[in-house]
Novice: 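Sharing a structure with you now.
Everything numeric here is computed off the predicted structure, so don't read it as measured data. We're numbering straight along the sequence, starting at 1.
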Amino acid sequence: MGTVIFDLDGTLADTSGDLIAAANRCFEEMGQAVRLDSAGDAHTAFRGARAMLGLGLRRAEAFDAALVEAWYPHLLSFYGEAIDLHTQLYPGAIEAVEALRSDGIRVGICTNKPAALAETLLARLGVRDLFGSMIGADTLAVRKPDPAPYVEAVARAGGDVARSLLVGDTETDRKTAAAAGVPCILVTFGPDGDGVRALDPEGLIGHFDALRAEVARVLG
């Protein structure tokens, strides 16, 4: 029996709209005219709250590391208030997870989103019960690309790292899988698109319809 661990943002769900809305509320509260774009800045949104704050402040020529840290908790708070206004699961995501489960595959989540926010989002989307584990950025003392959160996600799902793989969308996921010594399947419908091919993952999918067969091929 194998185990498949999923990244969340940019892999299972497009969360960029709500993340960027939270960042833009920060800029509004700061009195900065700059605003991030939900389409053009999606890649930065998936890198986290600090990355969004830094990008906006640099564009406003007002970057200050201390300012980023000061507004970081405010952004998380704003995001938590409207976490699922624009967020949508990618087409076929839940059907693909259910298909894996029907094949006897254990499934879990390993994300760099704070655990409480991830749990809230998954519950709001009505999919938390599908996953045997959920490891967030602050569940352990380290986060991806350190392999420990991935290993913990596999363990809590009841799986074996030696028979597992990671499904993600970024270089961070690729590095996490490599550090854990496991294969990685990257999605090409995330913000980096076909650019993830350059990361040389063990597998690629352009739609969740292809995941079941790709997992079978990669895990053997």
Novice: Would you say Ser133's side chain and Ala153's backbone share a donor-acceptor pair under 3.5 angstrom?
Specialist: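 A pair under 3.5 Å: yes.
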Novice: Test your reading of the model: is there a side-chain donor-acceptor pair from Asp18 to the backbone of His86, 3.5 Å cut-off?
Specialist: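 Judged by distance alone, yes, a pair lies under 3.5 Å.
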Novice: Evaluate salt bridge (charged side-chain N to carboxylate O under 4.0 Å, His left out) for Glu214 paired with Arg217, printing each intermediate quantity in order.
Specialist: CA-CA 5 Å; Glu214 194 72 342; Arg217 182 189 69 79; 3.0 Å; yes
Novice: To the nearest 0.5 angstrom, please state how far the CH2 atom of Trp71 sits from the CG atom of Leu76.
Specialist: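 Between Trp71 CH2 and Leu76 CG, I get 13.0 Å after rounding to 0.5 Å.
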Novice: Does one hydrophobic cluster hold both Phe78 and Leu19, with members joined at side-chain heavy-atom distances below 4.5 Å?
Specialist: yes
Novice: Report yes or no: do Phe63 and Leu53 belong to one cluster of Ile/Leu/Val/Met/Phe/Trp/Tyr joined by side chain heavy-atom distances under 4.5 Å?
Specialist: yes
Novice: Might you confirm whether atom CD of Glu95 has over 12 heavy atoms from other residues, nucleotides or ligands at distances under 6.0 Å?
Specialist: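 Yes - once you tally the heavy atoms of other residues, nucleotides and ligands closer than 6.0 Å, there are more than 12.
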Novice: Salt bridge between Lys113 and Glu119, side-chain N to carboxylate O under 4.0 Å?
Specialist: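 No.
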Novice: Please tell me if the side chains of Val167 and Val4 come closer than 4.5 Å, counting only heavy atoms from C-beta onward.
Specialist: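 When only atoms from C-beta onward are counted, Val4 and Val167 do touch, with a gap below 4.5 Å.
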Novice: Hey, are the side chains of Met52 and Arg47 touching, using non-hydrogen atoms and a 4.5 Å cut-off?
Specialist: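 The answer is no; the side chains never approach within 4.5 Å.
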Novice: Aromatic rings Phe6 and Phe208: how do their planes relate, parallel, tilted or perpendicular, breaks at 30° and 60°?
Specialist: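 Correct class here is tilted.
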Novice: Is it possible for you to say whether Val182 and Phe131 belong to one hydrophobic cluster, with membership spreading through side-chain heavy-atom contacts below 4.5 Å?
Specialist: no
Novice: When rounded to the nearest 0.5 angstrom, what distance separates CG in Leu12 from CG in Leu122?
Specialist: 8.0 Å
Novice: For the pair Thr120 (side chain) and Ala116 (backbone), establish whether a donor and an acceptor sit closer than 3.5 Å, ignoring hydrogens and angles.
Specialist: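 Pair found, side chain donor or acceptor close to backbone of Ala116.
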Novice: Are there over 12 heavy-atom neighbours, none belonging to Asp129, within less than 6.0 Å of that residue's CG?
Specialist: no
Novice: Mind checking whether Leu211 and Leu89 sit in one hydrophobic cluster, side chains of I, L, V, M, F, W, Y counted as touching below 4.5 Å?
Specialist: yes
Novice: Kindly indicate whether the side chain of Cys110, heavy atoms from C-beta on, has any atom under 4.5 Å from the side chain of Thr176.
Specialist: no
Novice: Evaluate the side-chain proximity of Thr11 to Asp169: yes if any heavy-atom separation is below 4.5 Å, no if none is.
Specialist: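 Yes. Closest side-chain heavy atoms under 4.5 Å.
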Novice: Using side-chain heavy atoms (C-beta onward) and a distance below 4.5 Å, is Ile20 in contact with Arg35?
Specialist: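 Not touching, per the 4.5 Å side-chain cut-off.
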Novice: Assess whether a salt bridge exists between Arg101 and Glu98, defined as any Lys/Arg side-chain N lying under 4.0 Å from an Asp/Glu carboxylate O.
Specialist: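 No, no charged N to carboxylate O under 4.0 Å.
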Novice: As an exercise, state the distance from CG of Leu75 to CG of Asn24, rounded to the nearest 0.5 Å.
Specialist: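 Nearest 0.5 Å value for the CG-CG distance: 9.5 Å.
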Novice: Do you know the tightest heavy-atom contact between Ala62 and Gln32?
Specialist: CB-NE2, 3.5 Å
Novice: Looking at OG1 of Thr3 and CZ of Arg163, how far apart are the two atoms once the value is rounded to the nearest 0.5 Å?
Specialist: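 Rounded to the nearest 0.5 Å, the OG1-CZ separation comes out at 9.0 Å.
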Novice: Would a distance-only check, ignoring hydrogens and angles, find a side-chain to backbone donor-acceptor pair under 3.5 Å from Tyr90 to His207?
Specialist: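 Flag not set: sc Tyr90 to bb His207 has no pair under 3.5 Å.
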Novice: Do Val215 and Ile94 belong together in a cluster built from hydrophobic side chains that touch within less than 4.5 Å?
Specialist: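 In one cluster with Val215: Ile94, yes.
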Novice: Answer yes or no: is there a side-chain heavy-atom contact under 4.5 Å between Arg25 and Glu81?
Specialist: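 Side-chain contact under 4.5 Å: yes.
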Novice: Let's go through Val154 and Asp160 carefully: what are the C-alpha distance in whole Å and the side-chain angles of both, what is the deciding distance for side-chain contact (heavy atoms from CB on, under 4.5 Å) to 0.1 Å, and is it a yes or a no?
Specialist: CA-CA 6 Å; Val154 174; Asp160 179 358; 5.6 Å; no
Novice: Within this structure, what is the SG-CD1 distance for the pair Cys184 and Ile5, rounded to the nearest 0.5 Å?
Specialist: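 The CD1 atom of Ile5 is 12.5 Å from SG of Cys184, to the nearest 0.5 Å.
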Novice: Measure across Ser38 and Gly17 and return the closest heavy-atom pair with its distance rounded to 0.1 Å.
Specialist: CB-CA, 4.3 Å
Novice: With a 4.0 Å cut-off on N to O distance, would you call Arg197 and Asp194 a salt bridge?
Specialist: yes
Novice: When you compare the side chain of Phe46 with that of Leu8, does any pair of heavy atoms fall below 4.5 Å?
Specialist: no
Novice: In this structure, which one of Thr15, Thr87, Asn112, Thr170 forms a side chain to side chain donor-acceptor pair (under 3.5 Å) with Asp9?
Specialist: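 Answer to the side chain to side chain donor-acceptor pair (under 3.5 Å) test with Asp9 among Thr15, Thr87, Asn112, Thr170: Thr15.
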Novice: Give a yes or no on whether the backbone of Ala66 and the side-chain of Asp64 come within a donor-acceptor separation of less than 3.5 Å.
Specialist: yes
Novice: Would you say Arg174's side chain and Asp200's backbone share a donor-acceptor pair under 3.5 angstrom?
Specialist: yes
Novice: Any side-chain heavy atom of Val187 within less than 4.5 Å of one from Val196?
Specialist: no
Novice: Any idea which heavy atoms bring Leu125 and Ala13 closest together, and the distance?
Specialist: CD1-CB, 4.5 Å
Novice: Is there a side-chain contact (heavy atoms from CB on, under 4.5 Å) between Arg212 and Ile105? Walk through the geometry before answering.
Specialist: CA-CA 10 Å; Arg212 190 180 200 175; Ile105 301 290; over 6 Å; no
Novice: Please give me the minimum heavy-atom distance between Val218 and Pro183, naming the atom from each residue.
Specialist: CG1-CB, 3.4 Å
Novice: Answer yes or no: is there a donor N or O on one side and an acceptor on the other, between the side chain of Arg156 and the main chain of Met134, under 3.5 Å?
Specialist: no
Novice: Would you give the length of the straight line joining atom CZ of Arg50 to atom CG of Leu57, rounded to the nearest 0.5 angstrom?
Specialist: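 Going from the CZ atom of Arg50 to the CG atom of Leu57 covers 13.5 Å.
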Novice: Can you give me the closest heavy-atom contact between Ala157 and Val107, atom names plus distance?
Specialist: CB-O, 4.1 Å
Novice: Assess the residue pair Thr139 and Glu152 against the criterion (side-chain contact (heavy atoms from CB on, under 4.5 Å)); give the C-alpha distance rounded to whole Å, side-chain angles, the decisive distance to 0.1 Å, and a yes or no.
Specialist: CA-CA 10 Å; Thr139 303; Glu152 185 69 10; 5.6 Å; no
Novice: Of the non-hydrogen atoms in Thr111 and Ala118, which two are nearest, and what is the gap between them?
Specialist: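 What the structure gives for the nearest pair is CG2-CB, 4.0 Å.
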